[in-house]
2 protein chains.
Amino acid sequence: MESRKAPNAPRRAAEPDGFVPAATRVARWIEDYRRHLPDLPVLSRVAPGDVAAALPEAPPELPEAWEAILADLDETVVPGLTHWNHPGFMAYFCSTSADPGVLAEFVAAAFNVNAMLWRTSPAATELEERMVDWTRRFVGLPAGFGGVIQDTASTSTFVALLAARHAALPFARERGLGGATAGPGRVYGSELAHSSLDKAVIAAGLGHRNLVRIEVDQAYGLRSEALDGALRGDRAAGRVPVMVCATIGTTSCASVDPVDAIADVCARHGVWLHVDAAYAGPAAALPELRSRFVGWERADSIVLNPHKWMSVPLDCSLLLSRRLDVFRASLALTPEYLASDSVATNLMDVGLALGRRFRALKLWFVFRREGAEGIRAMIRRHCELARAFADRVEAEPRLELAAPPSFGTVCFRAVPSDRGPANLVRDACAATRQLLERVNRDGRVFLSHTELDGRYAARLVVGGAHTGPAHLEAAWDSVTAALND
Amino acid sequence: MESRKAPNAPRRAAEPDGFVPAATRVARWIEDYRRHLPDLPVLSRVAPGDVAAALPEAPPELPEAWEAILADLDETVVPGLTHWNHPGFMAYFCSTSADPGVLAEFVAAAFNVNAMLWRTSPAATELEERMVDWTRRFVGLPAGFGGVIQDTASTSTFVALLAARHAALPFARERGLGGATAGPGRVYGSELAHSSLDKAVIAAGLGHRNLVRIEVDQAYGLRSEALDGALRGDRAAGRVPVMVCATIGTTSCASVDPVDAIADVCARHGVWLHVDAAYAGPAAALPELRSRFVGWERADSIVLNPHKWMSVPLDCSLLLSRRLDVFRASLALTPEYLASDSVATNLMDVGLALGRRFRALKLWFVFRREGAEGIRAMIRRHCELARAFADRVEAEPRLELAAPPSFGTVCFRAVPSDRGPANLVRDACAATRQLLERVNRDGRVFLSHTELDGRYAARLVVGGAHTGPAHLEAAWDSVTAALND
């Protein structure tokens, strides 16, 4: 082994075999993993502590061979994974990931540039701005929406809330909310708005109780007249509306808030409208689904996650806004060591993180290798497969839809019935929970759950880049087998 | 070309040549890029808009070939990069990145798992916890410190501030800071504390003016007696101390705050102590540098970035704390759809982001391929090279050190002199600025700047995984050439 301690020699020992052979070996390992993937249970079967028990307590002092690392990937890591790229992964919202995005991450890690300032990599900044604009065009939003790529929707929504806070409570940046002479700032979302909104409200110092949950209608869309009433009441009581979050594609059941009506309400009350389209946003690229997005072009800010439904690996969340100047006013500051004479955009000004990975690269690779039409075709296929699954649920007397199927998402539950098998307990929640446990233990697919109207529901989302009819067939087999168990 | 529109077939067109050939082609491209890297100017020479002008305004409708994409990488992206992995990159703090970390990112993107919950990939959670613990041992912190991996130090510090806010102002989570009956919450850092602290204070709703900048001593370390005075004064005035941020390795000049004395002050006043060791933290693994970290084991929270000095690509920031329960109390909430019966840890509870990449993988690969001793050897080499450069600065009458050299960081400035070349203007700031411009135009190395005592200073950081004596020689050549210009 070559000496690793020579203090004055650039260290190269990490690549004894050269970079390309090592990368090729890793690529072959990945291909092998993928080949076996369909035979692996989607949801990991390890018990808490199993993986940790297989890992040494301290790091090695000396380098180990690639063989040892790849063997440990096989023996320790893979059994401990819940396989998000498995075609049978139908839980949560899938994080789709196809080859162009994976290879882009490989290149981005090799570049390892930081897109904090324009000058710290002009191409990273300008490609990011262009990818934001490509996506804007792709989903049919008007010019005037600019944006940045954040890591996740949680961050995008939080940063949007900071901008909205700045618009409503401009003293907060300098004096803090504790110095308020006005009443408390209030934030509004439906009962189904994502939990990242709760975290954002807490983190921003507004207080969790100032997140107002507005009731939903039968289709689980926010009741805009209830929102209007809440805003009126708060204004009358001296409270300060800060932001309304409308959702297109809720996490619970992919329901759609009436954004156009909500935009009317927001305009009337002068409140910042944030649209959470983290999941469903890319579907706006399909003409047949455009009607579900009416009004979102009136939003002050929008979040849309390419890592959810555009074949881009985690993490890649687009934050779009017509008011980026307010984002900058809410957060930007430039310490001397980052001062530059550049007139160009410094994307660190629109967000908390200073270190910014070259995330635009994967969006670029995906757009170019898939084509806009390829992405649309994938989303269309997912929606059709979900619709077909929902039809089967409707035709099965022992099951019922828990919400209207929406985009690639189907929520359903067991119907407790005297005619049902004796081991299906009467209570629908317990029955559904048991059904889900059986399906996930079976391992061919992985479904998650939600709660709708206070009732437990199983939840299936078609969103994997490689998910096809056979996998939905497996899902149905698994569900019916569980029903018959 | 195969049809990409078949709605019922899993789409495979992204990999017409198979994954391994495509990955190998990309790996060869990366190797080629690296081969040419030493000949490229470190700082990009494009003008604002150059890269954007080379990019189409809209995404392609149909897939393009890898050849076209790789050609565009060469023609459009590479000239627009500031090459952070260039051995001549000596600006800011380097984000070191060697092969094991790059290949780990490749694997992580292929897995594309989300480590939000234990069950959503047990191995990602347990490997993350173990890598946090390996790093804790590596830098010699006592057991009792646990933690998570965040994206960047900005996020780690922000989340630490939320925990500290919860400890000091526990009503804030529910009622918000606007409902305060207490005085405003205050945060303390030295004049050289990082700007992410400003952003954190603003974002948390505490107000920028409640960030108290404490004066520094001649070595640019925070004056602990001044901190004590500020805390006394604030307490007496009814203000509420929330957090003190001490820095080991400031961004400006890598100076070290007297953490042990600061910990005494914090203990006396009952204030949360956060230590920002984002840059220098890994150097605690070197016995000869341990004395600079005395007292950090008394911190409530510590941030340390493996992506800065442990050969791990962006982003990988360790947030360590003895009080993770307070972090959870400040932010955790579990919506129904994420509820699980698991007794295991759900890392999403310690942070804002729900989507969490499998960042532990790269730390694991690096520890194993480099060995703890390999990482120590690299850091030692960097510090020695920086010290040698500082010696040259001291020996050169036309230059002076602007701060004591510290870790891998050297700050220096031009000494305006009658004996100097006529085109060096008298004012030292202007002269140093001009010197830096010449060096960066030369292109062999890239240095950044800072301000110390209100005076402009050039700043050189040795931190690249492949930076060796030859590159410091080039830096010195470039600086002296600029002096003689």
Side-chain angles (χ1 to χ4, degrees), chain A residues 4 7 10 14-15 20 23 26-27 30 48 51-52 55 59 61-64 77 80 82 84 97-99 102-103 105-106 109-110 112-113 121-123 126 130 134 152 154 175-178 180 184 195 205-207 313 335-337 344 353 355 367-368 371-374 381 450-451 466 468, chain B residues 4 7 10 14-15 20 23 26-27 30 48 51-52 55 59 61-64 77 80 82 84 97-99 102-103 105-106 109-110 112-113 121-123 126 130 134 152 154 175-178 180 184 195 205-207 313 335-337 344 353 355 367-368 371-374 381 450-451 466 468:
Chain A
R4 298 182 55 76
E15 305 102 88
V20 174
V26 169
I30 292 171
V51 174
L55 299 167
E61 278 300 308
L62 295 175
E64 297 180 56
V77 173
T82 292
W84 287 65
S97 158
D99 290 0
V102 173
L103 294 174
E105 285 287 51
F106 183 28
N112 202 35
V113 301
S121 263
E126 296 189 14
R130 185 56 53 97
W134 279 16
T152 65
S154 305
R175 294 188 353 238
L177 293 162
S195 57
L206 294 168
E336 175 57 30
Y337 84 97
F367 264 125
R368 297 189 67 183
E373 192 47 39
R381 176 167 55 84
T450 189
E451 198 178 82
H466 302 290
Chain B
R4 298 182 54 75
E15 304 105 86
V20 174
V26 169
I30 292 172
V51 174
L55 300 167
E61 278 299 308
L62 296 174
E64 296 181 58
V77 174
T82 292
W84 287 65
S97 158
D99 289 0
V102 173
L103 293 174
E105 285 287 50
F106 183 29
N112 201 35
V113 300
S121 262
E126 296 190 13
R130 186 55 54 97
W134 279 16
T152 65
S154 305
R175 294 190 350 240
L177 293 161
S195 57
L206 294 167
E336 176 57 30
Y337 84 98
F367 264 125
R368 297 189 68 183
E373 192 47 39
R381 175 167 55 83
T450 189
E451 198 177 82
H466 302 291

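Below, read A as the first sequence line, B as the second, and so on, with proteins coming before strands; counting in each chain starts at 1.
- Comparing A:Val26, A:Thr152, A:Val20 by heavy-atom pairs within less than 4.5 Å of chain B, the highest count is held by A:Val20.
- Formation of a donor-acceptor pair under 3.5 Å by the B:Glu64 side chain with backbone atoms of A:Arg368 is not found in this model.
- Among B:Thr82, B:Val102, B:Val51, B:Leu103, the residue making the largest number of heavy-atom pairs under 4.5 Å with chain A is B:Thr82.
- Contact count versus chain B (heavy atoms, under 4.5 Å) is highest, among A:Ala372, A:Pro59, A:Ala123, for A:Pro59.
- Considering only heavy-atom pairs separated by less than 4.5 Å from chain B, the leading option among A:Ala23, A:Ser121, A:Ser97 is A:Ser121.
- Between B:Trp84 and A:Val113, the shortest heavy-atom contact is CD1-CA, 3.6 Å.
- With a 4.5 Å cut-off on non-hydrogen atoms, A:Pro184 does not touch chain B at all.
- With a threshold of 4.5 angstrom between heavy atoms, A:Leu206 approaches chain B through N, CA, C or O but not through any side-chain atom.
- Heavy atoms of A:Arg130 lying under 4.5 Å from chain B belong exclusively to its side chain.
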Between A:Glu105 and B:Glu105, is the side chain to side chain contact (heavy atoms under 4.5 Å, CB included) condition met? List the steps.
CA-CA 7 Å; A:Glu105 285 287 51; B:Glu105 285 287 50; 5.6 Å; no
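- Looking only at side-chain heavy atoms (C-beta outward), A:Glu373 and B:Glu61 come within less than 4.5 Å of each other.
- When all heavy atoms of A:Ile30 and B:Ala110 are compared, the closest pair comes out as CG2-CB, 3.7 Å.
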